[in-house]
Protein chains: 2
Amino acid sequence: MCENCNYTTILKTAGVDATANRVSVLETIGNNNYPLTAMDIYHVVERTLSINRVTVYRILDLLVAKNILERLSSGGRTAYFGMAPNENHLPHPHFYCTSCGRMDCLNSESVRINTEQLQKTFPGKIENIAIRVDGICTNCLKEKAH
Amino acid sequence: MCENCNYTTILKTAGVDATANRVSVLETIGNNNYPLTAMDIYHVVERTLSINRVTVYRILDLLVAKNILERLSSGGRTAYFGMAPNENHLPHPHFYCTSCGRMDCLNSESVRINTEQLQKTFPGKIENIAIRVDGICTNCLKEKAH
DNA sequence: AATAGTAATGCAATTGTGTTGCATTAGAAT
DNA sequence: ATTCTAATGCAACACAATTGCATTACTATT
């Protein structure tokens with residue numbers, strides 16, 4: 001997905017060791033143009049690296065805490081992970097296909113929220129705004145049609 | 001919360017039997033001014049009714065399918081349930097306190113999305129747009145302050 | 001009222017995702 | 001080499017939610 005991102009550098013800049021496991025987890029997510037579940041990531045990484053399931057979860061937690069990754073919630077019980085917004089990646093809403101479970105990135109202009117405006121109407125402290133569009137993706141629409 | 005809602009009527013209109021369990025589950029949610037988890041609901045209902053945990057889950061599934069209730073996702077693994085948008089209840093975003101897990105309803109004007117506009121930019125079929133504002137609620141801010 | 005058929009519910013077991021505790025290994029610093 | 005810390009593995013656990021199957025409640029028909 002992103003030729004501007006050097007994953008090892010990203011990790012080091014965040015102050016964490018760039019271990020093979022971490023680079024591979026981050027690469028898997030960064031090279032994919034839609035968010036993945038922990039299990040998706042695990043299956044991709046273990047093809048080359050002999051990594052433990054738990055390690056994947058721990059790496060994901062770490063990278064979310066370091067604000068390198070973003071944890072997205074589907075309608076269901078599984079979290080999806082994508083690159084966190086940064087200079088190269090603007091914050092954007094996501095599309096979740098309720099039929100096949102695939103999560104997609106939508107383009108940033110399609111929805112616009114004025115956080116400062118919202119903050120004025122609300123006394124709590126706003127940290128993040130998650131926008132998820134649910135529906136049926138084109139693939140699933142096709143399959144239903146036949 | 002809502003004096004305009006007769007829960008028995010709502011159920012019958014949707015074409016499902018208005019059993020004591022279903023009325024009680026729906027009442028519990030409708031009388032509350034913020035969304036609740038399945039377990040919250042279970043604990044309220046069982047105080048008067050001797051109901052099984054599984055029955056609560058099944059009733060919730062049914063009422064979501066009938067579009068009477070809305071399933072909301074927090075950042076975490078637990079779903080929250082509130083009244084689905086209808087004539088009396090406009091669609092609105094929610095605030096989720098990442099510190100205490102409490103979910104709140106925000107007022108509809110605070111965020112505005114043009115669904116038709118969005119649909120034009122996107123080939124899939126849009127069924128719902130979920131907006132969740134994450135942050136720290138006033139209660140938790142106070143507690144942290146002392 | 002008895003019977004049969006269907007819908008709703010209960011209970012036990014299971015699933016899926018994620019977490020914790022503790023042992024082991026790898027890597028860095030001395 | 002030795003020591004220290006960080007990263008990882010493995011097994012067990014936690015929790016929300018679901019499934020399969022038995023039981024009960026309800027409705028319609030005779």
Side-chain angles (χ1 to χ4, degrees), chain A residues 7-8 11-12 14-29 35-46 48-66 68-81 96 98 100-101 103, chain B residues 7-8 11-12 14-29 35-46 48-66 68-81 96 98 101-103:
Chain A
Y7 301 114
T8 303
L11 290 167
K12 285 185 181 161
V16 304
D17 282 2
T19 65
N21 284 339
R22 289 176 181 166
V23 172
S24 178
V25 165
L26 184 52
E27 246 173 25
T28 301
I29 297 168
L36 298 170
T37 68
M39 276 308 171
D40 291 338
I41 297 158
Y42 172 58
H43 291 311
V44 173
V45 174
E46 74 166 344
T48 49
L49 220 63
S50 157
I51 192 176
N52 189 274
R53 200 172 60 88
V54 177
T55 304
V56 173
Y57 282 111
R58 284 199 270 239
I59 291 175
L60 291 171
D61 284 348
L62 175 70
L63 300 191
V64 168
K66 292 291 180 184
I68 296 171
L69 294 181
E70 173 176 49
R71 185 192 309 268
L72 304 164
S73 59
S74 67
R77 273 158 299 140
T78 344
Y80 286 68
F81 296 87
Y96 178 69
T98 53
C100 68
M103 178 91 75
Chain B
Y7 301 114
T8 303
L11 290 167
K12 285 184 181 162
V16 303
D17 282 1
T19 65
N21 283 340
R22 288 175 182 167
V23 173
S24 178
V25 165
L26 185 51
E27 247 174 25
T28 302
I29 297 168
L36 298 169
T37 67
M39 275 310 174
D40 292 339
I41 296 159
Y42 171 60
H43 291 312
V44 172
V45 174
E46 73 165 346
T48 50
L49 220 63
S50 159
I51 191 177
N52 189 275
R53 205 170 55 84
V54 176
T55 304
V56 173
Y57 282 111
R58 286 199 269 236
I59 291 175
L60 292 171
D61 284 348
L62 175 70
L63 301 190
V64 167
K66 292 292 178 182
I68 296 171
L69 294 180
E70 174 177 49
R71 186 192 307 268
L72 306 164
S73 59
S74 66
R77 273 156 299 142
T78 343
Y80 286 68
F81 296 87
Y96 178 70
T98 54
R102 163 102 172 237
M103 178 92 74

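No experiment lies behind these values; they were computed from the predicted model shown. Chain letters run A, B, ... following the sequence lines, proteins first and then strands; every chain starts at 1.
- Judged by distance alone, with hydrogens and angles left aside, the side-chain atoms of B:Asp61 form no donor-acceptor pair with the main-chain N or O of B:Arg58 at under 3.5 Å.
- With A:Arg22 contributing its side chain and A:Asp17 its backbone, the two residues share a donor-acceptor pair below 3.5 Å.
- Within the nucleic acid shown, A:Arg53 comes within 4.0 Å of at least one base atom, counting heavy atoms only.
- Comparing C:dC11, D:dA6, D:dT8 by their closest approach to the side chain of A:Asn21 singles out D:dT8.
- For B:Asp17, whose side chain is taken as the heavy atoms from C-beta onward, the closest listed nucleotide among C:dT17, D:dA16, C:dA7 is C:dA7.
- Put simply, CG on B:Leu60 is 13 Å from C1' on D:dT18, counting in whole angstrom units.
- The CG atom of A:Asp61 sits 9 Å away from the C1' atom of C:dT19 (whole-angstrom rounding).
- The 5' end of DNA chain C is approached more closely, in terms of each residue's nearest nucleotide, by B:Leu49 than by the other of B:Leu49 and A:Ala79.
- Whole-Å rounding puts the A:Ile51 CD1 to C:dT24 C1' distance at 16 Å.
- Atom OH in A:Tyr57 sits about 16 Å away from atom P in D:dC10, given to the nearest Å.
- In this structure, B:Ser74 reaches neither bases nor backbone, as no heavy-atom distance under 4.0 Å exists between it and the strands shown.
- The base of D:dG9 sits within donor-acceptor range of the side chain of A:Arg58, with an N or O pair under 3.5 Å.
- The shortest side-chain heavy-atom distance between A:Leu60 and A:Ile29 falls under the 4.5 Å cut-off.
- Between B:Asn52 and C:dT9 there is no side-chain polar atom (N or O) within less than 4.0 angstrom of OP1 or OP2.
- Here D:dT8 presents its C1' atom at 13 Å from OH of A:Tyr42, a figure rounded to the nearest Å.
- Within the 4.0 Å cut-off from OP1 or OP2 of C:dG10, at least one side-chain nitrogen or oxygen of B:Thr55 is found.
- Mapping B:Thr19 and B:Val54 onto DNA chain C by nearest heavy atom places B:Thr19 closer to the 5' end of the strand.
- Rounded to a whole Å, the CG atom of A:Leu36 is 14 Å from the P atom of C:dT17.
- Note: NZ (A:Lys12) to P (D:dA7) measures 14 Å, nearest angstrom.
- The side-chain heavy atoms of B:Phe81 and B:Val64, taken from C-beta on, include a pair separated by under 4.5 Å.
- The distance between atom CZ of B:Arg77 and atom C1' of D:dC13, rounded to the nearest whole Å, is 12 Å.
- We find the CG-OG1 distance between B:Leu26 and B:Thr8 to be 8.5 Å, quoted to the nearest 0.5 Å.
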